[in-house]
Amino acid sequence: MAKLWGGRFSKDTNALVDAFNASIEYDKRLYHEDIRGSIAHAHMLAKTGIISQQDGDAIVKGLEKILADIKAGKFKFDVGLEDIHMNVEARLTEAIGKPGERLHTARSRNDQVALDMHMYMKKTVTEVMELLIAFEEALLTLAKKHQKTLMPGYTHLQRAQPITFAHHLLAYFNMLTRDFKRLEGVWEGADIMPLGAGAIAGTTLPIDRFQVAKELNFSQVYGNSMDAVSDRDYVLDFLSAGSLLMMHMSRLSEELCLWSSTEFGFIELDDGFATGSSMMPQKKNPDISELVRGKTGRVYGHLMALMTTLKGLPLAYNKDLQEDKEGFFDAVDTVKFSLTVYRDMLLTMRVNKEKMAAAVHKDFSNATDLADYLVKKGFPFREAHSVVGKCVAYAIEQGKFLPEISLAEYKKFSPLFEADLLEALKPENCVAARTSYGGPAYSQTAKQLVLDKKIVSDQKKVLKKKLKKL
Ligand code: ARG
């Protein structure tokens, strides 16, 4: 098909150039935004008298038909028409004739693609928010179930202090609440309307950008036409927020891999969420966790790629900006798919409470509690640390754990030790006593769970508001 910009050219584009230049293969996913944006533009052109009401109506009707055709899979995309914008426009003119040729008045593909991307971003943010909330709720459900499930907390991947599985899970919940806030920030950056910037310098025609913004539910309009067509900060914001979200899931993935190993045995993934080996019949592999961990690098890569694409670009639009799409779309799909499959994997996994508890009963993770015991009796912490360190060394020498040393032996290390030390050493008591704000004590976890539920219900309100502004 002849190019819509073909006027000054005397021969056809080389087929390789068409193939290299085209973005239709991936930007066709913007069809809905593109058509909605064009309808708003046509409404505005008619209202301001730039085109006649009759032409405006014909354009809108034609665009609605194209939208229905695309949805029904009846639209043939043409690589020669480069991108979604020209595919739609060419079809429109083919279908309705002259009025179609007026649609692109006071508009460039530069501000058109920016509009599409802003609209698509707003929709995407709400979709990711919804999935994130569902994931958070899964963590809360699990945490609620495991408020009393003891496990070791690790530092340096060495057993450190007893905690509960709930406390561990709620750490991830807290990370995800920050991810949600970051997504709110992404939304803010996308909620600015770029159309009317034209190719770079606005237009001489009496357009009304605020009318378009109103019809499309944007809170603001770009105040500088050059910024409007060259801004991709909101895409970077998404890739950055998505990278952090993936990183959080990746850290949990690493733990799920460790915990499902025979060495830990803390969890067992449901058969529906694990995979086998083509050679080793006994294997049950945590592929989902590994893939989420692996795909995290891919999302980071998209962030780095776009940062690099943008860093040397002169104002305003450059074709390099077309490179904002594939990585972004891939990141969207990756984040959404990961969140979806992960949630179900978590909700179906089996938690081996006995194994977890055994890991805190047969170890030294209660040593700090013994030091705190001495501190409560007036001993300076540094000295208490040293005394308990000696107790630990002694126990190791005897092949015992702290609760198995007799009071008489303890007395040799400090006269402050009394019979009640045994109670202080019980992991369940160690946890119960960690009542400092944000600590793993059962009482604290119960309070945090109430607060966390409230956070989720507030997030749902935020999401609801945003859904109304799509
Ligand atoms: N497909 C292009 C993109 O995604 C649309 C804008 C093209 N503008 C231009 N002047 N070539 O960036």
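Remember, it's 1-based here, ligands and their atoms both numbered in the order they're listed.
Applying the 4.0 Å criterion to heavy atoms of His85 picks out, from ligand 1, the atoms 5 (C). Heavy-atom contacts of Ser23 reach the following atoms of ligand 1: 1 (N) (cutoff under 4.0 Å). The ligand atoms of ligand 1 that sit less than 4.0 angstrom from a heavy atom of Lys325 are 3 (C), 4 (O), 12 (O). The distance from ligand 1 to the heavy atoms of Asp83 drops below 4.0 Å at these ligand atoms: 1 (N), 2 (C), 5 (C). Listed by number with element, the atoms of ligand 1 under 4.0 Å from a non-hydrogen atom of Gln322 are 1 (N), 2 (C), 3 (C), 4 (O), 12 (O).
Of the protein's heavy atoms, Arg109 NH2, 3.4 Å lies nearest to atom 11 (N) of ligand 1. Closest protein heavy atom to atom 7 (C) of ligand 1: Tyr317 OH, 3.4 Å. For atom 8 (N) of ligand 1, the nearest protein heavy atom (residue, atom name, distance) is Asn110 OD1, 2.9 Å.
In this structure, the side chain of Asp83 engages the main chain of Met86 through a donor-acceptor pair within 3.5 Å.
One finds a salt bridge joining Lys98 and Glu101 here, because a Lys/Arg side-chain nitrogen approaches an Asp/Glu carboxylate oxygen to under 4.0 Å. Ion pairing between a basic and an acidic side chain is recognised when a charged N comes within 4.0 Å of a carboxylate O; Lys469 and Asp191 show such pairing. A salt bridge between Glu82 and Lys3 is absent, with no side-chain N of the basic residue lying under 4.0 Å from a carboxylate O of the acidic one.
The only member of Asp116, Val229, Leu115 that meets side chain to side chain contact (heavy atoms under 4.5 Å, CB included) when paired with Leu195 is Leu115.
By the 30° and 60° cut-offs, the orientation of the rings of Phe264 relative to Phe266 is perpendicular.
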